[in-house]
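Structure first, commentary second.
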Protein chains: 2
Amino acid sequence: MAAAKNSDGTVGKALSVLDKVALFGRPVRFSEILADSEFPKATLYRLLQTLTNQGMLGYDPDRQLYSLGVRLVGLAHAAWNQASLAPIARPLLDELSLKVDETVHLGQLDHGQVLYVDKRNPKLPLNMFSDAGKIGPGYCTGVGKAMLAYLDKPLRDKLVSQQSFHRYTEHTITNSDDFQAELATIREQRVAYDREEHEPNIICIAAPILSSKQRVLGGLSITTSTGRYTLEELEKFKPELLATAHKISQLAQSWHFPETNS
Amino acid sequence: MAAAKNSDGTVGKALSVLDKVALFGRPVRFSEILADSEFPKATLYRLLQTLTNQGMLGYDPDRQLYSLGVRLVGLAHAAWNQASLAPIARPLLDELSLKVDETVHLGQLDHGQVLYVDKRNPKLPLNMFSDAGKIGPGYCTGVGKAMLAYLDKPLRDKLVSQQSFHRYTEHTITNSDDFQAELATIREQRVAYDREEHEPNIICIAAPILSSKQRVLGGLSITTSTGRYTLEELEKFKPELLATAHKISQLAQSWHFPETNS
DNA sequence: ATTGTTGTTCCACATATTGAAACTAGGTTT
DNA sequence: AAACCTAGTTTCAATATGTGGAACAACAAT
């Protein structure tokens, strides 16, 4: 049969519904979900009920609105603690962001996209779920490129082919060939640059965090704006960046850490 | 037959496995999960596979360890934004915590327990998943008691009966009767006090956040230590606390918010 | 080599899921 | 107020999915 259908059984379907609701980004009506769902009414209905029962979705009977459930927040707390580099890397992020006096991001790969698991901004010391948990594109962010560059070829090719290459700015790389070339350059330089590829005026330098077996654990970046530094000047952060990435990697090793596999 | 089995179908089982893994709090072996699982080997195996496929679990093939998946963190980000009071309440928490110069917590109910969705500490402005997402007992925390007190009787009774009443300190309330009495007192006073019931030397004053229909949306507390204030002195925060709770409630109303239903 | 332990696959069987269609509850039009 | 929508919920036979005992592989330890 070969080809990979993307749903494993009922659980897969249920989770895809979860995603749908998440995607709306606000509480939604049954019919709204039904509208862009492949499931028939009754099926969708039961899936929603199950998820609601399970606390993965919340339901407001007065307004008839489904929203993501609070249970997710609790699970994520656990996930963040045990499956992300964030709790280990935390002191190192503090240190780095203070030293360079710029924003630092810590990301991991999730299905070819970047999931930011932590962030430090030395000026605005406010961070929360609103920062961590954010997902960004893999092909036009510093951490994304740094991580993708260091995957082994088969996985890298697979994920590259899945990128959607939306042109965010005039500098965004918009096809796989250029992107593969960029990744090769990154491997040579050992760091990735974001040259206003995702947002105008935002530039960054990023490095992968690799396990001792050279598997990609995550990515680390120093982000700034063109108003503060030129792209060339970013290079001066390279030693600090690599040093911190390496330290995180060592800490991760010693306190057994799971490797991201997608 | 009748009685409510707590699992709805395969999805329920899969999610219970997720919880199990979360509960370990660290990456685990297949056999460890099997050990305290009611599922037979093959079944558990397939559930784990499905969850892993779906990115809800991560799997490290080298070490053969399952851990919570990063996908959860992304979902939670969305959940936090759309289903929690946190994003709306944020500026008000800032304001309150600065004004009283103490730590403030914002919580919501999740299956009779308290889920902290945000926190502000005016001294240590470091907060993250490591604070938000934390789950605490309902019967011995300020926000927990404040929220439980204001539920309508049937739901309240149900949740009270589900509390586990572990004696954390000598002040912890350890049976439903005393607890129901306490809840009555709270309704009279309009605020709940935590009298070192959860942790020694930690005290707090808390109020519920109610919708216009008097449904419980969440809870807000000001936490301090016996070293800084006596229990009696906490009362002076009551006006500020109630005012802020009310403001949050109003904001929540205007930007449609789902009500917690368990 | 031999045994033990842990993880993976098989397959007949049972159960949970499916979805068209019927139904109900509210709201809107005639 | 009756007739008519529309959005949401329930039913039920057909069947796709999930189940779990047992056999099997992979690998360690003896």
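Below, read A as the first sequence line, B as the second, and so on, with proteins coming before strands; counting in each chain starts at 1.
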task: Could you check how far OH of B:Tyr45 sits from P of D:dA26, rounded to whole Å?
output: 13 Å

- request: Mark yes or no for a side-chain to base donor-acceptor pair under 3.5 Å between A:Arg29 and D:dG8, with no hydrogen or angle criteria applied.
  value: no

- request: Ignoring backbone atoms, establish whether A:Thr43 has a side-chain N or O less than 4.0 Å from OP1 or OP2 of C:dG19.
  value: yes

task: Go through D:dT9, C:dT9, C:dG19 for me and flag the one nearest to the A:Ala42 side chain.
output: C:dG19

message: Regarding B:Arg46 and A:Asp8, does a basic nitrogen lie under 4.0 Å from an acidic carboxylate oxygen?
response: no

task: Check whether any side-chain heavy atom of A:Val21 sits under 4.5 Å from a side-chain heavy atom of B:Gln82, and report yes or no.
output: yes

- request: Without swapping roles, check the side chain of A:Tyr139 against the backbone of A:Gly112 for a donor-acceptor pair under 3.5 Å.
  value: no

message: Below the 4.0 Å mark, does D:dG8 have OP1 or OP2 next to a side-chain nitrogen or oxygen of A:Ser31?
response: yes

- prompt: Rounded to whole angstrom units, what separation is found between the CZ atom of B:Phe30 and the C1' atom of C:dT5?
  reply: 13 Å

query: Which one, C:dT9, D:dT19, D:dT17, comes nearest to the side chain of B:Arg46?
result: D:dT19

- request: In whole angstrom, give the distance that lies between atom CG of A:Leu47 and atom P of D:dT9.
  value: 14 Å

task: May I have the distance from B:Tyr66 (atom OH) to C:dT6 (atom P), rounded to whole angstrom?
output: 15 Å

statement: Here the distance between atom P of C:dT5 and atom CG of B:Leu34, to the nearest Å, is 15 Å

message: Using whole Å, what does the distance between atom P of nucleotide D:dG18 and atom CZ of B:Phe39 come to?
response: 14 Å

Earlier contact from the 5' end, DNA chain D, for A:Thr10 and A:Glu32: A:Glu32

query: In whole Å, what is the span from the CD atom of B:Gln64 to the P atom of D:dC27?
result: 9 Å

task: Starting from P on C:dT8, measure out to CG on B:Leu44 and report it in whole angstrom.
output: 11 Å

message: I'd like to know if B:Lys41 reaches the base of D:dG21 with its side chain such that a donor and an acceptor end up less than 3.5 angstrom apart.
response: no

task: Using a 4.5 Å cut-off on heavy atoms from C-beta on, say whether the side chain of A:Val17 contacts that of A:Tyr66.
output: no

message: With a 3.5 Å distance limit and no angle check, can you tell me whether A:Tyr45 reaches the backbone of A:Phe30 through a side-chain donor-acceptor pair?
response: no

